Amino acid sequence: MKFTAQQIADTLKGTIEGNENAEVSTVSKIEEGGPGSISFLANPKYTRFIYSTTASIVIVNKDFEATEDVQATLIRVENAENAFAQLLEMYNQVKLAKSGVSEQAFVAQSALVGAAVYVGEFAVVAENAKIGKNVKIYPQVYVGENVSIGDNTILFAGVKIYSDCVIGNDCIIHSGTVIGSDGFRFALQDGGKKIPQIGNVVLEDNVELGSNCSIDRATLGSTILREGVKLDNLVHIAHNVEIKEKSYLAAHNVVAGSTVIGKNCMFSGQVGIIDHLEIADNTLIAAQSGVSKSIKKEGTAHMGSPSMDVMKYRKNYIHFRNLVSLVAKVDELEKKLADPVSSSDR
Amino acid sequence: MKFTAQQIADTLKGTIEGNENAEVSTVSKIEEGGPGSISFLANPKYTRFIYSTTASIVIVNKDFEATEDVQATLIRVENAENAFAQLLEMYNQVKLAKSGVSEQAFVAQSALVGAAVYVGEFAVVAENAKIGKNVKIYPQVYVGENVSIGDNTILFAGVKIYSDCVIGNDCIIHSGTVIGSDGFRFALQDGGKKIPQIGNVVLEDNVELGSNCSIDRATLGSTILREGVKLDNLVHIAHNVEIKEKSYLAAHNVVAGSTVIGKNCMFSGQVGIIDHLEIADNTLIAAQSGVSKSIKKEGTAHMGSPSMDVMKYRKNYIHFRNLVSLVAKVDELEKKLADPVSSSDR
Amino acid sequence: MKFTAQQIADTLKGTIEGNENAEVSTVSKIEEGGPGSISFLANPKYTRFIYSTTASIVIVNKDFEATEDVQATLIRVENAENAFAQLLEMYNQVKLAKSGVSEQAFVAQSALVGAAVYVGEFAVVAENAKIGKNVKIYPQVYVGENVSIGDNTILFAGVKIYSDCVIGNDCIIHSGTVIGSDGFRFALQDGGKKIPQIGNVVLEDNVELGSNCSIDRATLGSTILREGVKLDNLVHIAHNVEIKEKSYLAAHNVVAGSTVIGKNCMFSGQVGIIDHLEIADNTLIAAQSGVSKSIKKEGTAHMGSPSMDVMKYRKNYIHFRNLVSLVAKVDELEKKLADPVSSSDR
């Protein structure tokens with residue numbers, strides 16, 4: 001896709017300074033630039049780059065005053081940062097604009113498919129699945145029996161959704177993510193016999209899942225990710241977990257069975273939460289922490305494995321870093337006490 | 001699939017109380033219920049829910065006595081919990097009952113495919129693969145050259161099995177799991193040249209692997225998961241590892257190259273085991289622990305990174321949680337000893 | 001594939017002792033052997049196995065002298081270990097020799113495909129993708145729009161590459177790995193609105209990625225893995241990360257956004273690195289460590305969470321293992337100091 005300075009200025013309601021026919025097909029950071037790319041300048045720290053950038057077009061604030069020659073075509077707007085963000089979003093929308101059902105996809109006769117849907121090559125939409133409007137199903141996606149998918153949702157290449165799961169509106173699920181695999185439950189007293197996993201997974205609206213996540217179905221009932229939950233890559237969510245509205249879990253998080261996580265929580269990378277806990281709203285957990293007890297109070301921060309209050313952990317850890325000298329000090333005290341005279345003589 | 005109270009009562013050898021034509025198509029917890037669902041009551045703690053549940057049918061113990069009105073149709077059986085488990089298993093079997101080779105699958109002419117096999121759309125069964133009886137190969141699965149798969153095994157959508165691997169009978173492998181990728185071995189003295197990975201992966205009978213696991217092939221010989229081994233999601237098993245009978249590894253475990261894990265071990269989530277170790281039978285490892293030495297004694301439990309005896313770790317960790325006050329106490333002792341009179345005066 | 005002793009001896013320029021028509025179709029360790037397999041003897045520790053091995057052919061050093069009867073056919077060469085390695089490489093090359101575009105693949109008309117390329121069943125090569133010479137694209141791979149792939153690169157079954165990414169020459173990417181999924185970036189002050197991820201991923205030459213890795217595209221610009229970088233399985237690389245030449249990251253590593261990792265680094269399993277750091281060349285990080293500060297000095301080693309110098313960590317950790325006795329000692333000192341006479345009497 002190529003755009004001219006004129007087209008972009010029209011879209012952003014900006015004014016052109018330079019070549020109105022300058023063409024761009026990609027975006028760049030101003031310090032990296034590149035012919036055929038468009039960039040922006042908002043932060044004064046980066047002003048020096050506008051004189052050397054090889055970007056073809058740069059969006060600048062209305063009041064920008066050049067003190068040297070500028071090669072790039074400028075588009076002046078009210079707020080360069082916002083204008084650039086608006087452009088990126090439009091670019092993304094154009095890039096993702098796809099529709100039509102490939103002849104090389106498999107869509108079961110009993111499936112209900114909404115208007116303006118895209119189904120890519122070698123995707124499978126199984127019996128009785130319901131696909132909303134404007135849904136994008138990329139190649140090699142698997143949508144199992146009775147799965148329901150809301151409007152405007154995007155499933156990138158190779159997503160797998162097991163039978164009976166429910167996906168909301170405006171969700172984005174990245175490649176390799178698996179929704180609805182069986183919970184890890186075996187009857188140990190019965191030789192490890194598999195406990196049937198009959199429930200499903202429910203994703204409410206505006207949920208985004210990174211790539212290669214694993215979200216297990218409930219044993220009975222539903223594993224639930226509420227409105228606006230966001231997961232990074234390679235996150236494991238076990239059977240019967242519930243994550244409440246707008247909580248964010250970074251890469252490689254592990255949440256064990258039946259745990260309930262509150263709203264607006266933020267967990268850093270590689271955090272683990274054991275099973276059957278309740279974590280209050282607005283909880284923060286530091287990277288690599290392991291949570292082994294419920295967190296009842298809202299808005300607290302935790303660190304360590306097992307985790308404790310983050311400030312308590314940090315203070316103790318400072319002393320851990322100096323344990324060698326603490327031990328030396330104690331040994332010295334011991335000596336002094338055993339033989340006060342000679343040790344104080346030294 | 002819909003079932004009537006009569007059909008279910010016949011199957012469970014129970015007696016109906018209420019509408020014998022009541023229909024259900026799903027299962028529920030008694031406290032959640034839902035029209036068209038069947039639930040059960042076994043634990044007296046939940047008795048109060050039977051008077052308010054919206055489940056259409058509830059399985060109860062023979063001797064259950066209602067003290068208020070019950071809306072649901074009841075099926076009385078000897079043991080409600082067992083009867084419900086039996087029902088779930090039947091439900092699962094019916095749900096998973098699939099057979100036939102899709103015309104949109106690719107099965108190589110030289111592949112041997114057993115009776116009553118299911119091969120879904122866009123699955124690949126490559127040259128010289130051998131597929132046992134009643135095997136279920138879901139859409140988009142890849143079965144490489146010379147792979148052998150035993151009877152009744154289920155490969156869910158998108159599983160990838162590299163050439164020459166051997167999968168036993170009655171195994172279940174969840175979506176996204178990769179079996180037989182190359183071990184992480186490079187000749188550092190030789191500029192990082194790849195060491196060819198010529199071995200394979202062997203899964204014995206009754207092995208279940210969660211979703212998005214990675215099981216590397218051996219450099220030479222086999223990476224082996226013995227009978228009854230169960231892995232949760234996102235587990236990494238390196239080249240030449242052996243895991244013995246009925247060991248369970250929870251989500252995000254990492255087992256490095258050539259390590260041998262004994263029978264009946266249980267590892268919690270995010271555990272890491274370094275390479276070339278031997279772990280005795282019946283070993284327990286706590287979540288997030290890192291094992292850096294072989295464990296010779298059977299039946300022990302370990303925690304920490306690097307790990308130690310679990311009780312030793314817990315006791316030391318209690319003191320770590322209070323390191324700040326230990327340091328304060330030592331400082332106080334130091335002062336007293338330097339100036340015994342004034343400090344005891346305070 | 002079957003080979004005779006004569007064919008192998010010709011290839012390795014060795015001499016045969018025994019049956020020149022002996023046939024092998026696989027390779028084995030000498031202590032495991034197996035009819036129809038070829039093995040080698042180089043390390044004197046294993047000499048005893050040559051008298052009992054069931055391998056059909058064994059490669060030995062020119063000067064090997066048997067002291068008992070040997071059943072296997074021997075091939076004598078200058079250096080048995082090197083000869084065996086050479087054989088493994090040839091075996092691998094033969095095994096991976098595939099070419100031709102499957103009629104059941106989808107290759108867009110606008111895609112440019114080089115000579116001698118293999119494209120397996122149900123693979124997708126999207127609009128404007130460029131595929132170099134001798135590239136192997138296994139079944140069910142997805143190559144997005146405008147992706148460019150260099151010569152001789154191998155993409156194993158089910159790899160997913162999002163639009164606009166660039167893959168170098170001689171790369172190997174294992175099954176389930178996702179390249180170019182969106183970075184985990186949301187405008188929290190704006191209700192969690194998604195920040196468009198417009199950049200791409202660049203893999204230079206000789207990069208190998210294990211299975212089920214997730215490499216996120218840059219927000220703007222590129223996430224870059226330089227020449228010779230190797231990742232094990234299930235590794236997460238966030239948006240805008242750069243990993244410099246020949247660094248190795250073991251399984252389950254997590255590198256957060258915009259961090260730059262130097263050359264020739266080696267990170268053990270389950271390491272986490274937070275965002276916006278710089279890690280110097282030749283850095284070593286121990287398993288399960290968490291790096292929270294930039295590492296400026298080259299060639300250092302680190303351990304712990306948060307990490308510190310590896311020797312400092314080890315020394316402190318020895319004392320952590322004995323915290324219980326340190327606390328007891330301090331309590332004892334306290335008692336003595338409070339009542340010097342009675343406690344020294346005990």
Side-chain angles (χ1 to χ4, degrees), chain A residues 26-29 32 39 85 88-89 91-93 95 102 104 120-122 138-140 156-158 172 174-177 206 208 210-213 228 230-234 246 248 250-252 266 268-270 286-289 304-305 317 320-324 326-327 330-331 333-334 337-338, chain C residues 104 106 122-124 126 140 142 144-145 158 160 162-164 176-178 181-182 184 186 188 191-192 194-199 212-214 216 220-221 234 236 238 252 254 256 270 272 274 288 290 292 304-306 308 312 315-320 322-323 326 329-330 332-333 336-337 340:
Chain A
T26 186
V27 290
S28 66
K29 298 181 190 175
E32 295 176 351
S39 192
L88 292 190
E89 237 168 85
Y91 177 87
N92 224 6
Q93 274 167 21
K95 206 178 80 174
S102 165
Q104 285 161 282
E121 290 73 24
F122 316 126
Y138 273 69
Q140 301 144 340
F156 281 104
I172 299 176
H174 284 282
S175 290
T177 284
N206 294 308
E208 180 162 347
S211 54
N212 285 329
C213 291
K230 315 285 183 193
L231 306 187
D232 200 348
N233 301 329
L234 292 152
K246 293 195 166 40
Y248 289 63
H252 277 253
M266 305 267 286
S268 292
Q270 296 177 313
Q288 299 193 321
S289 299
S305 175
Y317 198 75
F320 169 77
R321 296 174 82 106
N322 293 306
L323 259 187
V324 168
L326 181 69
V327 169
V330 171
D331 288 347
L333 290 177
E334 202 176 26
L337 208 58
Chain C
Q104 285 161 283
F106 173 84
F122 316 127
V124 169
Q140 301 145 341
Y142 174 76
E145 282 103 31
K160 309 296 177 205
Y162 282 54
S163 62
D164 302 309
T177 283
V178 174
S181 43
D182 283 352
F184 191 60
F186 303 91
L188 293 179
K194 183 179 178 67
I195 297 173
Q197 303 292 299
I198 300 295
N212 286 327
C213 290
S214 292
D216 281 350
L220 273 186
L234 293 151
H236 163 76
H252 277 254
V254 168
Q270 295 177 315
I274 71 160
Q288 298 194 323
S292 59
S305 176
M308 62 192 79
K312 185 175 176 184
K315 283 177 185 165
N316 286 318
Y317 198 75
I318 287 168
H319 294 305
F320 168 78
N322 292 305
L323 260 187
L326 181 69
K329 193 187 272 189
V330 171
E332 184 64 19
L333 289 176
K336 273 192 186 164
L337 210 56

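Computation of the quantities below employed the complete heavy-atom set of this structure, encompassing side-chain atoms and omitting hydrogens, waters and symmetry-equivalent molecules. Throughout, protein chains are lettered first and strands after them, A, B, ... in sequence-line order, and every chain is numbered starting at 1. Treat the numbers as computed from the prediction; the structure is a model and nothing was measured.
Heavy-atom pairs under 4.5 Å with chain A were tallied for Gly272(C), Gly221(C), Ala238(C); the largest tally goes to Gly272(C). Chain A forms the most heavy-atom pairs under 4.5 Å with one residue out of Ile274(C), Asp216(C), Thr177(C), and that residue is Asp216(C). Contacts with chain A were tallied for Gly199(C), Ser214(C), Gly304(C); Ser214(C) has the most, counting heavy-atom pairs under 4.5 Å. Heavy-atom pairs under 4.5 Å with chain C were tallied for Leu231(A), Asn92(A), Val327(A); the largest tally goes to Val327(A).
Note: Phe122(A) and Phe122(C) have perpendicular aromatic rings, judged against thresholds of 30 and 60 degrees for the angle between ring planes.
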task = Starting from the C-alpha separation in whole Å, work towards a yes-or-no answer on side-chain contact (heavy atoms from CB on, under 4.5 Å) for Leu326(A) and Leu326(C).
result = CA-CA 9 Å; Leu326(A) 181 69; Leu326(C) 181 69; 3.9 Å; yes
request  = Would you check, one step at a time, whether the test side-chain contact (heavy atoms from CB on, under 4.5 Å) holds for Met266(A) with Leu188(C)?
outcome  = CA-CA 11 Å; Met266(A) 305 267 286; Leu188(C) 293 179; 3.7 Å; yes
key: Working for side-chain contact (heavy atoms from CB on, under 4.5 Å), residues Tyr142(C) and Glu121(A)   = CA-CA 10 Å; Tyr142(C) 174 76; Glu121(A) 290 73 24; over 6 Å; no
key: Derivation of the side-chain contact (heavy atoms from CB on, under 4.5 Å) call for Lys246(A) and Phe186(C)   = CA-CA 11 Å; Lys246(A) 293 195 166 40; Phe186(C) 303 91; over 6 Å; no
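Put simply, the side chain of Tyr162(C) gets close to the backbone of Ser175(A): a donor and an acceptor are under 3.5 Å apart. Side chain of Tyr317(A) to backbone of Pro306(C): a donor-acceptor contact under 3.5 angstrom is found. In this structure, Asn212(A) contributes its side chain and Gly176(C) its backbone to a donor-acceptor pair below 3.5 Å. Checked by atom type and distance alone, the side chain of Asn316(C) pairs as donor or acceptor with a backbone atom of Arg321(A) at under 3.5 Å.
A heavy-atom distance below 4.5 Å is not found between the side chains of Tyr138(A) and Val124(C). Residues Leu323(A) and Leu323(C) form a side-chain contact, since some pair of their non-hydrogen atoms from C-beta on lies under 4.5 Å apart. Contact check for Val324(A) versus Lys312(C): no side-chain heavy atoms found under the 4.5 Å cut-off. Between Ile198(C) and Lys95(A), every side-chain heavy-atom pair lies at or beyond the 4.5 Å cut-off. By the 4.5 Å heavy-atom criterion applied to side chains, Lys160(C) and Phe156(A) are not counted as neighbours. Counting heavy atoms from C-beta on, the side chains of Phe184(C) and Asn233(A) never come closer than 4.5 Å.
Neither the backbone nor the side chain of Ser292(C) comes within contact range of chain A; no heavy atom of the residue lies under 4.5 Å from a heavy atom of that chain. Both the backbone and the side chain of Ser211(A) come within less than 4.5 Å of a heavy atom in chain C. In this structure, the portion of His252(A) lying under 4.5 Å from any heavy atom of chain C is its side chain and not its backbone. Looking at Glu89(A), the atoms closer than 4.5 Å to chain C (heavy atoms on both sides) sit in the backbone and in the side chain alike. For chain C, the nearby part of Gln104(A) is the side chain; its heavy atoms alone come within less than 4.5 Å. Looking at Asn322(C), there are no atoms closer than 4.5 Å to chain A (heavy atoms on both sides), in backbone or side chain. When heavy atoms are compared at a cutoff of 4.5 Å, Glu145(C) approaches chain A solely by way of its side chain, counted from C-beta outward.
Of all heavy-atom pairs between Ser28(A) and Leu220(C), the closest is O-CD1, 4.0 Å. In terms of heavy-atom proximity, Gln140(A) sits nearest to Ala123(C) at NE2-CA, 4.0 Å.
For the atom pair Leu337(A) CG and Glu332(C) CD, the distance stands at 9.5 Å (nearest 0.5 Å). In this structure, NZ on Lys194(C) lies 12.0 Å from CG on Leu88(A), to the nearest 0.5 angstrom.
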